[in-house]
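Everything on this sheet refers to the single structure shown next.
Throughout, protein chains are lettered first and strands after them, A, B, ... in sequence-line order, and every chain is numbered starting at 1. Excluded from the calculations below are hydrogen atoms, water molecules and symmetry mates; all remaining heavy atoms, backbone and side chain alike, are included.
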Amino acid sequence: MASQQLSKTYEPQAVEARWGPYWIDRGYFSDAPDSSAQPYTIVIPPPNVTGSLHIGHALNNTLQDILIRWRRMQGRNTLWLPGTDHAGIATQNVVERQLLEEGTGREELGRDAFIERVWSWKQQSGNTILDQLKRLGASCDWSRLRFTMDEGLSEAVRAVFVRLHQEGLIYRGHRLINWCPRCLTALSDVEVEHEPVQGIMYHIAYPLADDPGTSLIIATTRPETLLGDTAVAVHPEDPRYNGHIGKSIKLPLTNRTVPIVGDAILVDREFGTGAVKITPAHDFNDFEAGERHQLPRIGLLTHQALLNPDALRDAGVEPDILNNIADLSAIKARPIVVDALKGQGLLVKTDDHQMALGKCYRCKTVVEPFLSPQWFVKIQPLADPAIAAVEQGDIRIIPEEWSNNYLGWMRGIKDWCISRQIWWGHRIPAWYCATCHPEARLILDGGGSHLIPTHADPMVSETAPAACATCEGDQFIQDPDVLDTWFSSALWPFSTLGWPAHTKELETYYPTSTLVTGLDILFFWVARMIMMGLKFTGKPPFRDVYIHALVRDAEGEKMSKSKGNVIDPLTKMSQYGTDALRFTLASMASPGRDIKLSENRIEGYRNFANKIWNAARFILMHADGPTETRPIADRSFVDQWILSRLNHVTAAVTARLEEYRFDQAAGQLYQHIWHEYCDWYLELIKPVLQGGDSPAARSTRATMLHTFEHLQRLLHPFMPFLTEEIWQTIPHQGESLVRQPFPVATQEWENAEAEQTFAVIEQVVTTIRTGRALLDYAPSKSLTILATAKDPDELARLNEARDHVAHLCRGTVTIADQDTWPAGRILHLAVGGFMVGLTIEGEVDLNKALTRINKQAQAKQKEATRLQGRLGSPDFAAKASPEVVQESKDRLDLLTAELSLLASSEQQLRKMVS
RNA sequence: GGGCGGAUAGCUCAGUUGGGAGAGCAUUGCCCUUACAAGGCAGAGGUCGCAGGUUCGAGCCCUGUUCCGCCUACCA
């Protein structure tokens, strides 16, 4: 047993430093796949390997840890599998920044050396967040740590890629994608954030080719892209314009003419001028319109999103303009183009216009729709089963409201662009014959600026091919692109368990039980895991998806470094203790609502930890001495009562956890421990414990120790460090609380009679204490108390409660019929069916009491009037349920009795005052 | 544009099938009573966003409306 000395206040740092490593060293967090117990699995949402713990991680992992510790204590075969993802773009950025400081760059290093460099960076710095998760108490099975770039997981990536390709579900195509000109890579649709901006709508006259006196007015927010127009569209049923369909436009600032086409999909007659320019290489809608009308695509921009002089020349741009805008960004070129249009009298007007601008979610650079050859997942065949799984309830999304969000997105899903023009990541397992495609050799010269030609024929397989099927050449160039990091994350629930091998782990722990995650990656990650899981294992990857809130600051603002409103969980853990932070986050995790985290909540729960700590000190002070465990029926009323309450809270916490109501489970614990256990139970047992050895003291001591140990087990998933420290100090069996059984509600403990007697104590004590305050009696003053009840059952309970009341109120309690109460100065107070009298001694200002009684009488009269009205209504008697009617009657009776007692009490007081 | 969520005490939030408005923090008064001043005891504080409707009865159900937030979308 550890030392029985506990310091006066809870000092979390030492406690956390002691038990964190102890748990891990002893392997308490590892179960075995061959265990016969029912499995319970969680895979961690892998944080970026570049990451450090922010408050969102703290919430996410606290909730997972509560679940896994709870299930582990329940005896389940648990696995919480930890890991990180390789975060392609982010990690590459970090290492490139380092290289820049060293005066070099990745191009100088070359691809292989660069990747080496990233690995060594990972070796050195990639464990930051894992160490922080350990500090949080995360009870992951650290022996099963995984990384998305591990060989096993990479093998899974290749296997999935090859099979999807074989089935035609992965293809390479020359298409418009979102391009980040800073990261120099393609992005998927979900990696683009839309931000509302105030833009300008330009109305521009496009003269007809064979009738320059007549123009179509088109509206655009990006006038510079008109240089890449290859058509103008009008609505085929628009009488204003449909006569022009088939004619040609003389495209301003160029030597080109473009056709006027009719397109009912692209054109909204009500919007703008009703005539639209079509720029297939620079706009997603126009791209599709271009396909419908077989229009050429003229891409004007370079990879850096600068106007490409060669492309401008090909587009027939007038030389003056071309020279002025070549190598400028679109934003810089825009006023030049607008000026030129104005000069030619073609700018009709400009309007302010609200629009949404797409930005790279990593670097916030404005993304450009960019025409390039990329790899895509054909998503619909994967999405359909993933939709069905949620619709049919094979996967439950909690809170359920988010299912609509998921289903809506899945139903409108588009093909997923999975290729990225970076180096760090899973390289696409596709090879090109160097003999057949000599131009592909340019790839070897570096960077993302050379792409394998679109028409090139890739050979897709898990390893490099031996010979070209066409020319039998044996020189190959692997596709330079890597896969979207989320492609490997999508396999996480099964790749981490050994798939594609048929491992024991996979068999035991898959499908996983619960996925705990934030809403922000529902589409990035959750949806894709469901699709891939169903496709490759035939089973949903998890049963439940619990979606938790976003943590905001106290003002409800999203936390961000630039705003400076970030609450650093590690700082808070140092200040208030990890358990306090965990309990705060759990308490505030109400479903479907963001968390506004304020520091004084954390402080409040730090105080809660301290309260428990001091309860433990109290208990230890009274732990020495003989104990005797009696049958429940033979225990004191107080012990019977606390067991009944403990039974209740145990059942409630378990039920709330089953429903993922962490907030309510935490609330139950807080309420019970502080208010029932500390405020009442510990106070009620003081007399017997402090009264020397006795059979009663032995029994109470046993109950006290037993119930407190029970509470440590119940609270442990929420506050693991504090409870372990206390548990190790009080009498216990076993090595660690981590592996103790989670408490189970015991019907036998339920005791309605004890609870009713307690209710008497609570009511009477509170009333007497109020009386003490009204009479301004010092807490130390001993009171002379009289009490009685009308109802014989209540009177019996009052008798049982008497000594406890006397103790808790500091006084003597005489139970006697009111007729026998001594005449004279007594303050009469009523509560429930009870009447309490306090002897008035000395000079006391009774007006305070009088005011109070008046106020109480008023409130009760109001309620009584309301009830009378209700009971007087024939409709109520006829239509309300008999139980409700009876309840109303009972309540009215009670109020009437209380009112009459209050009235007589008031009368007596008035007499005394005058 | 579409969808979803929120509006309840000064603040942050609970409120389970409609039937006596709750908690934590903050606040007021008294108290350093040998577990705890990071505490104890007692108190004050709310026409549940607004307007209708259903019902004997609405914080809860229905309709409309205002404000805030989030997600989503190709209105050039």
Pairs: protein N or O with nucleotides 25-31 of chain B N or O, under 3.5 Å:
residue	atom	partner	partner atom	Å
B/C25	O2'	A/N600	ND2	3.4

Next on the checklist: Run the side-chain hydrogen bond (donor to acceptor under 3.5 Å, both in side chains) test against A/R810 and tell me which residues pass, sequence neighbours left out.
Outcome noted: none
Checklist entry - Any cation-pi pair here, A/K611 with A/F608, using under 6.0 Å and within 45°? => result no
Checklist entry - Is there a side-chain polar atom (N or O) of A/R852 under 4.0 Å from OP1 or OP2 of B/G43? => result yes
Next on the checklist: One character per nucleotide, please: for nucleotides 2-10 of chain B, 5' to 3', B when the base has a protein heavy atom closer than 4.0 Å, S when only the sugar-phosphate does, - otherwise.
Outcome noted: ---SSS---
Checklist outcome for this item: Judged by nearest nucleotide, the residue sitting upstream toward the 5' end of RNA chain B, A/T273 or A/E11, is A/E11
Checklist entry - With sugar-phosphate meaning primed atoms plus P, OP1 and OP2, does A/S780 contact a base, only sugar-phosphate, or nothing at under 4.0 Å between heavy atoms? => result nothing
Item to check | A/N600 (side chain) donor-acceptor with A/E603 (main chain) under 3.5 angstrom | outcome: no
Next on the checklist: What does the 5'-to-3' dot-bracket notation of RNA chain B look like when only Watson-Crick and G-U wobble pairs under 3.5 Å count, and pairs to other strands show as |?
Outcome noted: (((((((..((((.....[..)))).(((((.......))))).....(((((..]....))))))))))))....
Next on the checklist: Under the rule for side-chain contact (heavy atoms from CB on, under 4.5 Å), what residues qualify as partners of A/P12, not counting sequence neighbours?
Outcome noted: A/Y10, A/E16
Item to check | Candidate nucleotides B/C36, B/C41, B/A38, ranked by approach to the side chain of A/K611 - the nearest | outcome: B/C36
Next on the checklist: Parallel, tilted or perpendicular, judged at 30° and 60°: which one describes the rings of A/F523 and A/W409?
Outcome noted: parallel
Checklist entry - Could you write nucleotides 56-61 of chain B as a row of B, S and -, 5' to 3', where a protein heavy atom under 4.0 Å of any base atom gives B, of only sugar-phosphate atoms gives S, and otherwise -? => result B-----
Item to check | Side-chain N,O (A/K855) to OP1/OP2 (B/G45) below 4.0 Å | outcome: yes
Checklist entry - Hey, does the Lys NZ or Arg CZ of A/R769 hover above the aromatic six-ring of A/W680, less than 6.0 Å from the centre and inside 45° of the axis? => result yes
Checklist entry - Taking for each residue the nucleotide of RNA chain B with the nearest heavy atom, is it A/T770 or A/A275 whose nucleotide lies nearer the 5' end? => result A/T770
Checklist entry - Is there a side-chain polar atom (N or O) of A/T766 under 4.0 Å from OP1 or OP2 of B/C41? => result no
Checklist entry - Taking only side-chain nitrogens and oxygens of A/K686, does any of them come within less than 4.0 Å of OP1 or OP2 of B/A35? => result yes
Item to check | Nearest listed nucleotide, side chain of A/R866, among B/A76, B/A35, B/G20 | outcome: B/G20
